[in-house]
Amino acid sequence: MPKMDFIQVKVKRQANPRLKPYWEEYRVKYRPYMNIITVLQELRKNPHTFDNRPSSVIAWEASCLEEVCGTCTMVINGRVRQACSALVDQLGESITIEPMTKFPVVRDLVVDRSVIFRSLKRLKTWVPVDGTHALGPGPKMGPDEALERYEMSKCIACGCCMEVCPQINERSEFVGAAAINQVRLFNSHPTGKVIERERLKALMEKGGIEDCGNAQNCVKACPKEIPLVTSIADVNRQMTLNLLDLLKK
Amino acid sequence: MKSQAKLIVVGGGLAGLMAAIRLAEGGYTVDLFSIVPCRRSHSVCAQGGINASVNTKGEGDSPRMHFEETVYGGDFLANQPLVMGMCEAAPEIVYLLDRLGVAFNRTPEGNLDFRRFGGTRFHRTAFAGSTTGQQMVYALDEQVRRLEAQGLINRFEGWEFLSAVMEEGSRVRGIVAIQLASMEIRAFRADAVIMATGGVGMIFGRSTNSTICTGSAAGALYEQGAWYANGEFIQVHPTAIPGEDKNRLMSEAIRGEGGRVWTYKNGKPWYFLEEMYPKYGNLVPRDIASRAIFKVCRQDKLGVDGKDVVYLDISHLDKNMLTKKLGGVIEIYEKFVGDDPRKVPMRVFPSVHYTMGGLYVTNDHMTNIPGLLAAGECDYQYHGANRLGANSLLSCVYGGQVAARTAIQYVEALESSSESIGAKLFDQEVKKQKDRNDQLMRSRGKENPYHLWEEMAAAMTEHVTVIRKNDGLKAADQKLTELQERVKDVNLNDLSEWTNQPLIFTRELENMLLLARVIAQGALRRDESRGAHYKPDFPERNDKDWLKTTLAAYAPEGPKFSYEKVDISLMKPRERKY
């Protein structure tokens with residue numbers, strides 16, 4: 001554990017989507033067991049820069065604080081991650097905090113990640129049930145298969161995999177690894193399978209699976225250790241089989 | 001008036017998602033509001049599972065047993081017919097979730113697996129690892145997306161509820177909400193509004209709740225005339241990792257799978273829950289386990305290293321089983337503490353966890369204001385004075401279903417639609433909310449809202465949690481009154497009209513203070529001990545005077561209390577002893 005009295009914090013700020021970003025430096029009194037959330041909480045209680053100039057309160061978002069909601073994702077010391085599980089004792093006494101770069105900034109550290117949910121809508125990642133009224137038990141499934149689906153289903157839609165993907169930039173509409181993993185998840189469900197072709201078709205369109213450059217950064221950045229590369233490979237295989245199937249007809 | 005009816009659901013957790021789905025399936029258009037994208041709602045924090053007596057283990061479990069244990073666990077304060085309805089619906093609800101693709105753990109035959117939880121000796125809890133709430137939210141969120149694609153549901157994510165639009169002395173006709181990014185304030189018309197806005201953990205500062213669980217919407221409605229019931233019943237969960245920013249829940253499932261709680265006594269491990277409660281052992285209900293840990297640490301001074309800490313130990317259990325069934329919570333402990341619970345016992349202490357009280361609703365989930373309904377943690381039904389583990393996910397889904405059904409009946413019987421009302425009513429409410437924001441923006445006082453919040457939380461945590469004494473409760477209420485004055489002298493430290501978070505927080509704080517007074521004063525009045533409400537000066541349950549629901553109605557000088565009979569028509573109260 002490093003010995004320090006104060007932490008130097010540099011925050012990339014931006015008042016609104018139209019204005020230019022700028023850096024502001026702060027100083028926060030160190031306490032053991034701090035995480036980036038407690039650092040930001042300290043700064044809103046005492047919004048002053050390192051040289052004691054009054055500063056507006058930094059805008060940032062958080063919710064569950066236990067890495068299960070994905071809200072507080074930001075770039076900390078150059079690495080995209082959740083602020084809640086970024087422990088100061090592991091970061092050192094000089095810390096930089098920036099908003100994610102692949103999503104439009106709303107203000108300061110708040111970004112607009114609604115594209116993630118729009119993609120899910122387009123890819124129909126749901127089980128197409130007849131309704132939510134009582135229709136008896138669901139399909140039986142072996143424990144190993146259930147466990148495999150559970151691992152895919154832990155995605156918190158944080159966007160880390162998109163942040164590190166070289167294929168996602170201003171000139172590309174690539175949906176990213178998380179969305180493709182969701183396609184695999186729902187194509188693996190006995191009822192979800194019913195519309196697997198619709199999902200694969202949507203992935204053939206612009207920004208679909210073709211855009212994956214196989215950099216494999218996604219799987220390393222995923223805080224939930226979801227086998228994203230395996231998911232992409234599996235969906236690629238499904239695409240090929242589907243194409244062969246179509247050709248046969 | 002079915003054709004043009006429009007409904008609003010506020011809150012995108014389990015109760016809200018379920019209600020929205022049912023309304024859309026009924027053919028109605030729904031506006032669904034949520035502070036965060038629904039997928040990030042607090043329901044994702046629920047870990048252990050969802051109760052349903054399907055008796056797949058051949059233990060002789062039944063919905064009737066589930067009902068009896070829930071009512072008994074709640075120390076007889078719950079209205080029984082509702083609990084019975086929920087327990088009878090539970091198996092179908094779990095089957096539904098399975099159909100929707102929730103990745104539940106399964107038996108070798110491919111059936112749903114069930115684990116043990118507190119307050120029961122049956123295997124009654126279906127689970128998806130130890131992130132069951134997360135998996136359920138995802139499944140329902142995807143169904144909402146399916147209905148969204150059909151044009152039946154409109155999402156307003158990133159919007160926060162400010163107030164209801166109400167016809168004088170009559171009914172709810174819509175809401176006013178604010179977009180958190182642009183700060184745009186707008187009125188939305190609706191023929192019925194279902195609130196599903198969760199609990200109030202933030203009133204206590206550090207709790208197991210998410211930061212969005214302020215209870216602000218319920219507080220605002222209370223100020224507008226909705227009754228708040230059983231506010232004093234706040235559940236303290238026995239096992240959480242104490243933290244600076246929050247206390248992180250260590251699921252009851254850990255004990256359900258064989259985890260043991262202990263501390264040192266005379267140099268040897270002392271499994272005090274097993275010794276005190278031989279029949280249920282580590283799986284006594286939460287209020288009882290939390291009080292035992294308080295006694296061991298505070299009274300006997302036997303906490304680990306003399307601190308407010310006991311051990312929660314799974315190091316003796318099969319590592320493979322642990323990963324499959326408890327991977328999610330083990331990961332939380334590893335990430336936030338740095339130790340591997342498979343090797344060393346976890347250090348835990350009780351934490352504020354669940355809001356049993358909430359907006360008053362009748363048996364069909366309608367509040368005292370026509371057209372305004374509530375479901376999920378923000379209502380007060382089902383759990384009485386103490387909630388059993390794994391009943392919250394169930395009550396959220398069931399409550400959402402019942403509220404949707406009632407809302408449909410209500411709008412079908414309505415004579416005039418909200419669209420037929422002149423704009424004035426809505427404009428007035430929008431203006432009122434804008435004026436309040438302007439007032440806060442102009443305030444150049446000396447109080448920082450986040451400091452005030454900490455002061456409130458400290459008073460509430462000290463006096464209004466596990467052990468309650470009347471002088472302490474009075475001191476807490478006095479502090480709250482002081483804070484209500486000081487918040488008028490606030491300085492936001494932010495003049496921006498774009499994404500002004502201190503402004504939003506100050507408004508939430510005002511509403512938290514309103515409910516905090518309901519909680520503290522409700523506790524002060526209730527001179528007995530029942531479930532989570534424990535007064536050492538009145539250590540017994542007193543059915544003669546206190547087998548009744550607390551109702552708080554807003555008045556400017558402080559809450560006005562009245563009491564309502566509890567419906568005990570299905571099971572006679574008896575002494576609660578584990």
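Just so you know, these numbers come straight off a predicted model, no measurement behind them.
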Can you see which heavy atom on B:Cys38 is nearest to which on B:Val137, and at what distance?
O-CG1, 3.7 Å
Are A:Arg27 and A:Phe6 in a cation-pi setup, meaning NZ or CZ lies under 6.0 angstrom from the ring centre and within 45 degrees of the ring axis?
yes
Does any backbone or side-chain atom of A:Arg113 lie under 4.5 Å from a heavy atom of chain B? Answer side chain, backbone, both or neither.
side chain
Only pairs of heavy atoms separated by less than 4.5 Å count here; which of B:Glu454, B:Lys324, B:Arg99, B:Arg39 has the most with chain A?
B:Arg99
When you measure from the centre of the six-membered ring of A:Tyr22, is the NZ or CZ of A:Arg13 under 6.0 Å away and within 45° of the axis?
no
Could you pull out the closest heavy-atom pair between B:Val329 and B:Leu249, with the gap in Å?
CG1-O, 4.4 Å
When the 4.5 angstrom heavy-atom criterion is applied to A:Leu120 and chain B, the contacting part is both
Tell me, with the steps shown, if A:Lys201 and A:Glu198 meet salt bridge (Lys or Arg N to Asp or Glu O under 4.0 Å).
CA-CA 5 Å; A:Lys201 190 164 166 272; A:Glu198 292 179 47; over 6 Å; no
A:His48 and A:Leu43 have their tightest heavy-atom pair at O-CD2, 4.5 Å
Might you point out which heavy atoms bring A:Asn77 and A:Ile95 nearest each other, and give the distance in Å?
OD1-CA, 3.2 Å
Quick one, B:Gln401 and A:Thr132 - any side-chain contact, counting heavy atoms below 4.5 Å?
no
For the candidates B:Ile93, B:Asn105, B:Val54, B:Thr107, which exhibits the highest count of non-hydrogen atom pairs separated by less than 4.5 Å from chain A?
B:Thr107
Choice from A:Ala62, A:Ser55, A:Pro54, A:Cys84 maximising heavy atom contacts with chain B below 4.5 Å:
A:Cys84
From the list B:Glu148, B:Glu157, B:Arg155, the residue making the most non-hydrogen contacts under 4.5 Å with chain A is B:Glu148
For B:Lys325 and B:Asp113, run salt bridge (Lys or Arg N to Asp or Glu O under 4.0 Å): C-alpha distance rounded to whole Å, both residues' side-chain angles, the deciding distance at 0.1 Å, then the answer.
CA-CA 10 Å; B:Lys325 294 188 172 176; B:Asp113 199 2; 3.8 Å; yes
Can you check side chain to side chain contact (heavy atoms under 4.5 Å, CB included) on A:Ser63 and A:Cys69, steps first, answer last?
CA-CA 7 Å; A:Ser63 182; A:Cys69 78; 3.7 Å; yes
Would you check if there is a donor-acceptor pair between the side chains of A:Tyr30 and A:Asp89 at a distance under 3.5 Å?
yes
So, the part of B:Gln134 with a heavy atom under 4.5 Å from chain A: the answer is side chain
Check whether A:Leu65 gets within reach of chain B through its side chain, its backbone, both or neither, counting any heavy atom under 4.5 Å.
both
The interface call for A:Cys155 against chain B, heavy-atom contacts under 4.5 Å, is backbone
Please look at A:Ile156 and chain B and tell me whether the side chain, the backbone, both or neither of the residue comes under 4.5 angstrom of a heavy atom of that chain.
both
Of B:Asn500, B:Asn493, B:Leu503, which is the lone residue that meets side-chain contact (heavy atoms from CB on, under 4.5 Å) with A:Val57?
B:Asn493
With only heavy atoms counted, which part of B:Glu109 is less than 4.5 Å from chain A, the side chain, the backbone, both or neither?
both
Specify which of A:His133, A:Arg122, A:Lys124 makes the most heavy-atom pairs with chain B at under 4.5 Å.
A:His133
Looking only at heavy atoms, the pair that brings B:Arg22 and B:Ile408 closest together is O-CD1, 4.3 Å
Can you say whether A:Asn35 sits under 4.5 Å from chain B via the side chain, the backbone, both, or neither, judging by heavy atoms?
side chain
Side chain from CB out, backbone as N, CA, C, O: work out which of these in A:Glu148 comes under 4.5 Å of a heavy atom of chain B, or both, or neither.
neither
Quick one: what part of A:Leu135 sits under 4.5 Å from any heavy atom of chain B, side chain, backbone, both or neither?
both
With chain A, the option among B:Gly243, B:Ala139, B:Ser41, B:Ala103 that has the most non-hydrogen atom pairs under 4.5 Å is B:Ala103
I need the residue from A:Pro139, A:Gly142, A:Ala59, A:Pro128 with the largest number of non-hydrogen atom pairs under 4.5 Å to chain B.
A:Ala59
Is it true that the side chains of A:Ser231 and A:Arg184 contain a donor and an acceptor less than 3.5 Å apart?
yes
Contact summary for A:Val127 and B:Gln143, nearest pair of heavy atoms
O-NE2, 2.8 Å
Which answer fits B:Tyr138, side chain, backbone, both or neither, if we ask what part of it has an atom under 4.5 Å from a heavy atom of chain A?
side chain
One should read off an interatomic distance between A:Leu40 CG and A:Met34 CE, to the nearest 0.5 angstrom, of 9.5 Å
Turns out that what part of B:Leu100 lies under 4.5 Å from chain A's heavy atoms comes down to both
Non-hydrogen atoms of chain A under 4.5 Å away: do they reach the side chain of B:Glu334, the backbone, both or neither?
neither
Interface moiety of B:Asp245 toward chain A, non-hydrogen atoms closer than 4.5 Å:
both
Heavy-atom cut-off 4.5 Å, strictly under: side chain, backbone, both or neither for A:Glu66 against chain B?
both
Contact part of B:Phe104 toward chain A, heavy-atom cut-off under 4.5 Å: side chain, backbone, both or neither?
backbone
Proximity breakdown for A:Cys158 and chain B, heavy-atom pairs closer than 4.5 Å:
backbone
If you count heavy-atom pairs under 4.5 Å between each of A:Gly136, A:Pro190, A:Gly192 and chain B, which one has the most?
A:Gly136
What option among B:Pro91, B:Ala89, B:Ala181, B:Ala128 has the most heavy-atom pairs under 4.5 Å with chain A?
B:Ala128
Leading residue by heavy atom contact count with chain A [cutoff under 4.5 Å; candidates B:His42, B:Gln135, B:Glu92, B:Glu331]
B:Gln135
Chain B: which of A:Pro137, A:Ala146, A:Pro47, A:Cys64 shares the most heavy-atom pairs with it under 4.5 Å?
A:Pro137
Chain B: which of A:Ala15, A:Ala134, A:Pro143 shares the most heavy-atom pairs with it under 4.5 Å?
A:Pro143
B:Leu495, part contacting chain A, at a heavy-atom distance under 4.5 Å
neither
Measure the CD1-OG1 distance between B:Ile241 and B:Thr208 for me, rounded to the nearest 0.5 Å.
11.5 Å
Verify the distance criterion only: is there a donor paired with an acceptor across the side chains of A:Asn46 and A:Glu42 at less than 3.5 Å?
no
Structural part of A:Ser114 lying under 4.5 Å from a heavy atom of chain B:
neither
Heavy-atom cut-off 4.5 Å, strictly under: side chain, backbone, both or neither for B:Ser182 against chain A?
neither
